[in-house]
Amino acid sequence: MENFYLEIKHICKQTGARYGILHTPHGDVEVPMFMPVGTLATVKTLSPEELKSIGTGVILANTYHLHLRPGEDIVARAGGIHKFMNYDGPILTDSGGFQVFSLMDKCKISEEGVTFRNHLDGSKLEFTPEKVIAIQEKIGADIIMSFDECMPYPVEYSYAKKSVERTLRWAKRGQVAQIRSDQALFGIVQGSDYEDLRKHSAIELSEMDFPGYSIGGTSIGEPKDVYVKMVQQSVAYLPSDKPRYLMGVGSIDFLLEGIAQGVDMFDCVLPTRIARHGALMTSVGRVNIRNAKYKDDFTPLDANCDCYTCQNYTKAYLRHLYISEETFGKRLLSLHNVRFLVSLMGKARQAIKEDRFGDFKTEVYRAFGSKKGF
RNA sequence: GGAGGAAUAGCGAAGUGGCCAAACGCAGCUGACUGUAAAUCAGUUCCCACAGGGUUCGGUGGUUCAAAUCCGCCUUCCUCCA
């Protein structure tokens with residue numbers, strides 16, 4: 001793909017973190033970056049204009065969910081997902097592999113693919129690596145994912161090995177099935193916390209020569225040190241000139257550790273979901289806006305934040321909106337959390353360019369102090 | 001003036017002799033959330049020295065081994081009749 005490639009500009013001498021530009025058919029974006037999730041072709045509560053104003057580059061959508069509603073044919077007839085949702089920046093679709101994990105009790109996995117009992121009306125549907133690519137081609141995102149199995153953690157070695165091999169075969173099948181040449185198909189590294197499986201998965205995928213590589217199966221409940229190892233053991237065997245995408249990571253510490261390992265892209269529902277539930281990421285730690293102590297707190301959510309919410313509204317007002325279940329409150333809070341992570345990424349990129357990402361990471365942790373969360 | 005009905009925790013509302021410190025809903029308080037079945041879920045809300053103890057069900061006096069539940073009186077409220 002000529003119009004999709006990673007241009008690495010700098011590698012941090014302190015950590016190995018990478019700064020670069022990802023070129024996509026819908027524009028260039030700087031990495032490392034955080035990508036908010038818009039499963040149903042909308043980042044819940046936020047408009048494309050708001051996302052732009054926040055500085056969002058790539059956003060996500062989901063193959064499984066869009067297949068169920070409204071169906072990929074509708075998206076295709078709308079002119080593709082960019083037109084359908086009025087977002088002209090780069091878009092990435094996840095394959096539905098994560099739903100194999102999150103809807104596990106409604107799934108049956110075989111060599112051919114996965115049979116789902118779909119969550120909307122309970123009817124059966126089958127996803128195969130080929131079908132998942134066909135759906136994603138109709139949806140029309142810039143970056144698409146191979147169909148994979150995201151295993152739970154922990155998982156027995158024998159199962160993990162079987163699953164990794166199958167996911168590798170699925171990756172190959174998806175690659176063969178791909179018709180469009182203007183979408184970047186990523187392979188997904190799995191292997192749970194088994195080093196040999198991660199290595200094997202990464203090496204085999206690299207040989208298939210994908211335009212980018214995802215790291216899956218992390219941040220599903222494993223301890224932080226295990227997480228870091230999983231990322232390390234995946235990144236180590238991936239080509240250095242291709243983008244690395246760590247799937248489902250959005251907590252501040254996991255993001256920073258991932259960047260330090262040389263990851264370029266991250267996505268997560270965390271900032272938008274917890275915002276809708278009243279939890280906010282701030283430069284001094286977690287804030288639960290519904291806490292009674294904020295009822296007469298007329299200061300901004302985060303004094304160090306440049307987002308629209310922090311520039312214009314007080315905690316007392318945001319708490320009032322949250323308690324009153326006003327949707328505007330959820331918007332303002334989502335806006336803040338996404339901006340917080342986007343902004344954190346910007347600072348991280350700056351630190352990488354200045355070869356002090358390690359120090360930066362320490363500073364961020366220190367600012368959080370002993371406060372728990374994220 | 002007469003007849004009937006009702007009073008339960010912050011609010012609404014179950015419970016009509018022991019399994020009741022009292023269902024449930026709301027409101028309040030707290031926590032969780034990581035490739036979105038999530039504008040969701042969980043815990044908690046009489047008091048305390050809290051695997052236990054102490055005071056509760058309009059007030060008061062009884063009956064009973066045992067009362068939010070049965071009886072008398074009182075207070076307040078509601079409906080209907082005059």
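What's counted below: heavy atoms across the whole structure, side chains too, no hydrogens, waters or symmetry copies. Convention: sequence-line order gives letters A, B, ...; per-chain numbering from 1.
- Ring pair A:Phe127/A:Phe116 is perpendicular by interplanar angle, where above 60° counts as perpendicular and below 30° as parallel.
- Between A:Ser102 and B:G35 there is no side-chain N or O to OP1 or OP2 distance below 4.0 Å.
- In this structure, B:C41 forms a base pair with B:G31, meeting either the Watson-Crick or the G-U wobble geometry with both donor-acceptor distances under 3.5 Å.
- Nucleotides B:G15 and B:G1 have their C1' atoms positioned 36 Å apart, rounded to a whole Å.
- A:Glu257 pairs by the side-chain hydrogen bond (donor to acceptor under 3.5 Å, both in side chains) definition with A:Lys361, A:Tyr365, not counting sequence neighbours.
- Stacking between A:His65 and B:U36 is absent: the aromatic ring centre is not both under 5.5 angstrom from the base six-membered ring centre and within 30 degrees in plane angle.
- Classification of the A:Tyr5-A:His23 ring pair by plane angle, with boundaries at 30° and 60°, yields parallel.
- For the contact set between residues 123-153 of chain A and RNA chain B, defined by any heavy atom under 4.0 Å, the members are A:Asp148, A:Cys150.
- For A:Tyr308 and A:Tyr313, the gap between ring centers is short of 6.0 Å.
- Proximity of A:Gln99 to the phosphate of B:G35: no side-chain N or O atom is located under 4.0 Å from OP1 or OP2.
- Residue A:Arg319 places at least one side-chain N or O under 4.0 Å from the OP1 or OP2 atom of B:C29.
- When Watson-Crick and G-U wobble pairs are counted only if both distances are under 3.5 Å, B:C57 pairs with no nucleotide at all.
- When the side-chain nitrogen and oxygen atoms of A:Asn118 are compared with OP1 and OP2 of B:A37, none of them lie within a distance under 4.0 Å.
- At the phosphate of B:U34, OP1 or OP2 sits under 4.0 Å from a side-chain N or O atom of A:Arg273.
- For the residue pair A:Asn288/A:Tyr322, the side-chain donor-acceptor check at 3.5 Å is not satisfied.
- Of the two residues near RNA chain B, A:Tyr64 and A:Gly278, the one whose nearest nucleotide lies more 5' is A:Gly278.
- Enclosure of atom CD in A:Glu156 is not indicated, since only 12 or fewer non-hydrogen atoms of other residues, nucleotides or ligands lie within 6.0 angstrom.
- Residues A:His119 and A:Tyr64 bring their aromatic ring centres within 6.0 Å.
- Taking side-chain N and O atoms only, A:Asn62 has no distance below 4.0 Å to OP1 or OP2 of B:G35.
- The partner of B:G1, taking Watson-Crick or G-U wobble pairs whose two distances both stay under 3.5 Å, is B:C81.
- The main-chain N or O of A:Asp148 is never found under 3.5 Å from a side-chain atom of A:Gln190 such that the two would form a donor-acceptor pair.
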Restricting to nitrogen or oxygen on both sides, can you table the protein-nucleotides 43-47 of chain B pairs closer than 3.5 Å?
none

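- Of the side-chain N and O atoms in A:Ser219, none sit less than 4.0 angstrom from OP1 or OP2 of B:U34.
- Between the side chains of A:Gln232 and A:Lys229, no donor-acceptor pair is found at a separation under 3.5 Å.
- Pairing for B:C70 is with B:G62, a Watson-Crick or G-U wobble pair whose two hydrogen-bonding atom distances lie under 3.5 Å.
- In a base pair of the Watson-Crick type (N1 to N3 plus N6-O4 or O6-N4) or a G-U wobble (N1-O2 and O6-N3), with each distance short of 3.5 Å, B:U75 is matched with B:A7.
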